[in-house]
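Data first, discussion second: the structure below is written as structure tokens.
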Protein chains: 2
Amino acid sequence: MLNIQELDSNRLEIAASMLKAIAHPVRVAVLKHLEGGKKLTVTEIHDLLGIEQSTTSHHLGILKDKGVLCSRREGKNTYYYLKHDILSQIVDCLQRCTCE
Amino acid sequence: MLNIQELDSNRLEIAASMLKAIAHPVRVAVLKHLEGGKKLTVTEIHDLLGIEQSTTSHHLGILKDKGVLCSRREGKNTYYYLKHDILSQIVDCLQRCTCE
DNA sequence: TTTACAGATGCAAATATATGAATATTTAGG
DNA sequence: CCTAAATATTCATATATTTGCATCTGTAAA
């Protein structure tokens, strides 16, 4: 349980911007594919989700920018992975709430 | 852990729309004020957050519409409360992830 | 039944986000 | 160096969200 100090607007902005990063069907799908510490390249995600390469890169950039994902370049590929594996709980929590 | 069937686009849409409902600084603040089963009126929230009455009502409507909150009218007041108290964990989870 | 309070809704302007085509950048291999 | 593959970026357009004023609706009390 957080106290009133933790409700300050800066923290609210950060929490909301992180949530906003995740709150898109494509980006929720990306998170689910990365559950359990998996690492995928842009091309793999672009193939898995059937969306344009540039669109994929945009979405991954948003997730990385907001601290949801990390990336590591290995040769020509860039691997993306969850910064905090616990974040995938968010989606599971929501899905539990919607399955009644 | 969810299987591939649970990644279908309908579920993704639902999860994303619920997250989108929460993903706003005002609405995150509302959630935090309603933690622990608390019930607050529109006016109370409007005073707590220092935002316009109509803006408050719009935000609460979004949260209710997307299944995050419930409301009950009692006389002239409408009390809003969390539909699933577990949802407040989402914000706490995020804040833990951002406090390193 | 009038009045005032609490809340909801319609609307418009400002702002933000999403998408993809085109293009640029980075890297490995020849 | 030249090329091709993988990824990132720029840009424009389309769409969605946010905010608050004005207004409408519902309720209680006088």
Side-chain angles (χ1 to χ4, degrees), chain A residues 9-10 12-31 33-34 38-83, chain B residues 9-10 12-31 33-34 38-83:
Chain A
S9 68
N10 191 46
L12 288 175
E13 292 285 346
I14 292 170
S17 83
M18 213 155 166
L19 272 177
K20 203 184 299 185
I22 304 173
H24 184 287
V26 163
R27 299 194 298 257
V28 171
V30 168
L31 254 68
H33 280 293
L34 295 177
K38 282 199 282 289
K39 301 185 181 201
L40 295 174
T41 67
V42 179
T43 299
E44 285 170 331
I45 293 168
H46 141 67
D47 290 340
L48 277 168
L49 304 185
I51 57 180
E52 285 292 322
Q53 180 273 321
S54 77
T55 304
T56 308
S57 191
H58 281 308
H59 284 299
L60 292 171
I62 289 165
L63 287 167
K64 184 181 178 185
D65 183 53
K66 296 300 162 45
V68 179
L69 301 185
C70 292
S71 67
R72 183 161 63 206
R73 184 128 199 179
E74 288 183 18
K76 282 189 284 193
N77 300 306
T78 303
Y79 287 88
Y80 281 87
Y81 53 96
L82 286 171
K83 185 164 179 183
Chain B
S9 69
N10 191 47
L12 287 175
E13 293 285 346
I14 292 170
S17 83
M18 214 157 165
L19 272 177
K20 204 186 298 186
I22 304 172
H24 184 288
V26 163
R27 301 195 295 260
V28 171
V30 168
L31 254 68
H33 280 292
L34 295 177
K38 283 199 282 289
K39 302 185 182 201
L40 295 173
T41 68
V42 179
T43 300
E44 287 169 330
I45 293 167
H46 141 68
D47 289 340
L48 277 167
L49 304 186
I51 57 179
E52 284 293 321
Q53 180 273 318
S54 78
T55 303
T56 308
S57 191
H58 281 307
H59 283 300
L60 292 171
I62 289 166
L63 287 167
K64 184 181 178 186
D65 183 52
K66 296 299 163 47
V68 179
L69 301 185
C70 291
S71 67
R72 182 160 62 207
R73 182 131 200 178
E74 288 183 19
K76 281 191 283 194
N77 302 307
T78 303
Y79 287 88
Y80 281 87
Y81 52 97
L82 286 171
K83 184 164 180 182

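What's counted below: heavy atoms across the whole structure, side chains too, no hydrogens, waters or symmetry copies.
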Rounded to whole angstrom units, what separation is found between the [atom1] atom of [X] and the [atom2] atom of [N]?
X       : N      : atom1 : atom2 : value
B:Asp65 : C:dT9  : CG    : P     : 10 Å
B:His24 : C:dA16 : NE2   : C1'   : 11 Å
A:Leu63 : D:dA8  : CG    : C1'   : 15 Å
A:Leu49 : C:dA18 : CG    : C1'   : 15 Å
A:Glu52 : D:dT7  : CD    : P     : 15 Å
B:Tyr79 : D:dT27 : OH    : C1'   : 14 Å
B:Glu44 : C:dA6  : CD    : P     : 11 Å
A:Arg73 : C:dA28 : CZ    : C1'   : 11 Å

Does the side-chain contact (heavy atoms from CB on, under 4.5 Å) test come out yes or no for B:Thr55 and B:His59, once each step is laid out? CA-CA 6 Å; B:Thr55 303; B:His59 283 300; 3.6 Å; yes

Across the strands shown, which category fits [X] at heavy-atom distances under 4.0 angstrom: base, sugar-phosphate, nothing?
X       : answer
A:His58 : base
B:Ile51 : nothing
A:Tyr80 : sugar-phosphate
A:Thr41 : sugar-phosphate

Please determine which of B:Leu40, B:Val30, B:Val42 meets the side chain to side chain contact (heavy atoms under 4.5 Å, CB included) test together with B:Tyr80.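 Only match with B:Tyr80 under side chain to side chain contact (heavy atoms under 4.5 Å, CB included): B:Val42.
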
So if I apply the side chain to side chain contact (heavy atoms under 4.5 Å, CB included) rule between B:Val68 and each of B:Leu60, B:Ile22, B:Leu34, which one comes out positive?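 Of the listed options, the one satisfying the test is B:Ile22.
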
Does the side chain of [X] get closer than 4.0 angstrom to OP1 or OP2 of [N] through an N or O atom?
X       : N      : answer
B:His46 : C:dA6  : no
A:Arg27 : C:dA18 : yes
A:Ser57 : D:dA8  : yes
A:Asn77 : D:dA5  : no
B:His59 : D:dT17 : no

Among the nucleotides [options], which one has an atom lying closest to any side-chain atom of [X]?
X       : options               : value
B:Lys76 : D:dT7, C:dC5, D:dT18  : C:dC5
B:Thr55 : C:dC5, D:dG20, C:dT19 : D:dG20
A:Lys20 : C:dT17, D:dG26, D:dA6 : C:dT17
A:Thr43 : D:dC21, D:dA6, C:dG20 : D:dA6
B:Gln53 : C:dA8, C:dT9, C:dT19  : C:dA8

Residue mapping more 5' on DNA chain D - nearest nucleotide basis, B:Gly75 or A:Leu60: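 Per heavy-atom nearest nucleotide, the more 5' residue is A:Leu60.
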
Between B:His33 and B:Glu44, is there a side-chain heavy-atom distance shorter than 4.5 Å?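 They are not in contact (no side-chain heavy atoms under 4.5 Å apart), so the answer is no.
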
If you define the side chain from C-beta out and look only at heavy atoms, does anything of A:Val26 sit under 4.5 Å from A:Leu49?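 Yes. Closest side-chain heavy atoms under 4.5 Å.
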
Where do A:Ile51 and A:His46 come nearest, in terms of heavy atoms and distance?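 In this case the closest contact between A:Ile51 and A:His46 is O-ND1, 2.5 Å.
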
